[in-house]
Protein chains: 2
Amino acid sequence: MEKQTIEPRTYGDECDGCTGPERIEVMRFQRAIRAITGKWKIEIVCSLVAGPMRFGELRRALPGITQHMLTEQLRDLARNGIVIRTAYPEVPPRVEYALSQAGIDLMPTFGALHDWALRYQDRLAD
Amino acid sequence: MEKQTIEPRTYGDECDGCTGPERIEVMRFQRAIRAITGKWKIEIVCSLVAGPMRFGELRRALPGITQHMLTEQLRDLARNGIVIRTAYPEVPPRVEYALSQAGIDLMPTFGALHDWALRYQDRLAD
DNA sequence: CTCGATAGTCTGCTTTTCCATATTACCTCT
DNA sequence: AGAGGTAATATGGAAAAGCAGACTATCGAG
């Protein structure tokens with residue numbers, strides 16, 4: 001039996017030279033995903049939902065994280081405009097991290113993905 | 001000026017022994033994220049939205065992917081119940097990949113995240 | 001009998017991510 | 001004077017992810 005080309009493949013066909021609009025959208029999407037992947041990023045964002053927190057406060061809220069990791073992940077989140085870093089030139093130094101509007105607006109999408117995970121958690125490996 | 005504990009920290013406070021419900025939810029969430037992270041996973045899922053595809057067909061639709069990567073990513077997606085692999089014991093071998101219901105239901109969450117990425121793309125690094 | 005197509009697997013390598021352990025600089029408290 | 005807290009940086013190593021290229025088995029076409 002022959003397989004008679006189930007459906008026109010608009011996605012693949014338009015991407016011979018990587019110029020189709022779909023590909024560009026996928027790339028943007030990937031960038032968004034990359035902005036929130038990282039072992040602690042989601043936990044950090046979820047912690048900050050309740051309000052701004054200081055560096056050490058976050059560290060205590062995330063048992064197991066190293067200073068290095070926290071610094072790195074926060075820097076990354078700030079670089080992507082998801083959290084806002086505010087350093088107060090006091091001594092001892094005080095640095096506060098808060099969600100930006102982008103960070104706050106991220107939560108509904110988290111909610112959607114969480115609902116999905118809840119529905120299909122039994123088939124999710126690991 | 002003193003900082004008077006902006007808000008009760010329900011998340012951090014309950015997680016001293018990693019037993020709070022929020023932590024468990026974050027872990028579930030992380031599992032969902034891990035199921036869709038990987039350099040080609042999203043492109044594969046987006047390709048399959050139009051209908052089932054064969055291995056080689058997918059490979060041609062994703063220029064730049066290696067056989068190894070495609071095999072691996074598909075296996076991973078199948079392991080997480082997002083795609084369904086159907087091998088027909090013919091010769092030459094024919095293997096078809098299709099989105100499962102979980103995979104189809106994933107699309108709206110992709111849409112939400114995509115909208116977010118669209119709105120804030122100018123501050124996304126990289 | 002060799003060639004090509006299919007859907008892989010196997011091996012070795014590079015890059016990225018993750019993690020632990022120092023070390024810094026400044027100020028306060030004792 | 002010395003201990004302690006704060007927010008980092010620096011260094012070095014382990015683990016995971018990604019990549020290229022060679023190899024397999026089967027069958028039909030030429």
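Order of the sequence lines sets the chain letters (A, B, ...), proteins ahead of strands, with each chain counted from 1.
- OP1 and OP2 of C:dT17 both lie 4.0 Å or more from every side-chain N or O belonging to A:W40.
- Rounded to whole angstrom, the span from the CG atom of A:L62 across to the C1' atom of C:dC18 amounts to 16 Å.
- At the phosphate of D:dA7, OP1 or OP2 sits under 4.0 Å from a side-chain N or O atom of A:R54.
- The side chain of A:F55 approaches D:dA7 more closely than any other nucleotide in the set D:dA7, C:dG8, C:dC19.
- Distance, A:E90 CD to D:dT6 P: 13 Å, rounded to whole Å.
- Note: CD (A:E96) to P (D:dA7) measures 10 Å, nearest angstrom.
- Taking atom CZ of A:R59 as the reference point, atom C1' of C:dA20 lies 13 Å away to the nearest angstrom.
- Rounded to whole angstrom, the span from the CG atom of A:L58 across to the P atom of D:dT6 amounts to 13 Å.
- Between B:Q30 atom CD and C:dT17 atom P there is a gap of 15 Å when expressed in whole angstrom units.
- Residue-level contact check: A:Y97 touches the backbone only, with heavy atoms under 4.0 Å from sugar-phosphate atoms and none from bases.
- Looking at residues two or more places apart in sequence or on another chain, you find no salt bridge (Lys or Arg N to Asp or Glu O under 4.0 Å) involving B:R85.
- Candidate nucleotides D:dA7, C:dC19, D:dG18 were compared by shortest atom distance to the side chain of A:K39, and C:dC19 ranks first.
- Partners of B:A78 under the side-chain contact (heavy atoms from CB on, under 4.5 Å) rule, at least two apart in sequence or in another chain, are B:V83.
- Remark: B:R79 pairs with A:A125, B:D76 by the side-chain contact (heavy atoms from CB on, under 4.5 Å) rule, at least two apart or across chains.
- Every residue meeting the side-chain contact (heavy atoms from CB on, under 4.5 Å) condition with B:V45, not counting sequence neighbours, appears here in chain and number order: B:L77, B:I82, B:L99, B:M107, B:F110.
- Listed by chain and number, the residues in a side-chain contact (heavy atoms from CB on, under 4.5 Å) with A:A112 are B:T109 (sequence neighbours excluded).
- The nearest whole Å value for the distance from the CE atom in A:M53 to the C1' atom in D:dA7 is 15 Å.
- Checked by atom type and distance alone, the side chain of B:E57 pairs as donor or acceptor with a backbone atom of B:R54 at under 3.5 Å.
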Could you write out each protein N or O paired with an N or O of nucleotides 3-5 of chain C at a distance under 3.5 Å?
none

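- Linking Ile, Leu, Val, Met, Phe, Trp and Tyr residues whenever their side-chain heavy atoms come within less than 4.5 Å leaves B:I42 and B:I84 in two separate clusters.
- If you take CD of A:E57 and C1' of D:dG5, they are 15 Å apart, rounded to a whole angstrom.
- Under the ring-ring contact (aromatic ring centres under 6.0 Å, His included) criterion, A:Y120 pairs with A:W116, sequence neighbours left out.
- A ring pair (Phe, Tyr, Trp, His ring centres under 6.0 Å) check over residues 61-103 of chain B, counting only residues at least two apart or in different chains, returns nothing.
- Proximity of residues 65-76 of chain A to DNA chain D (heavy atom under 4.0 angstrom from any strand atom) is restricted to A:Q67, A:H68, A:T71, A:R75.
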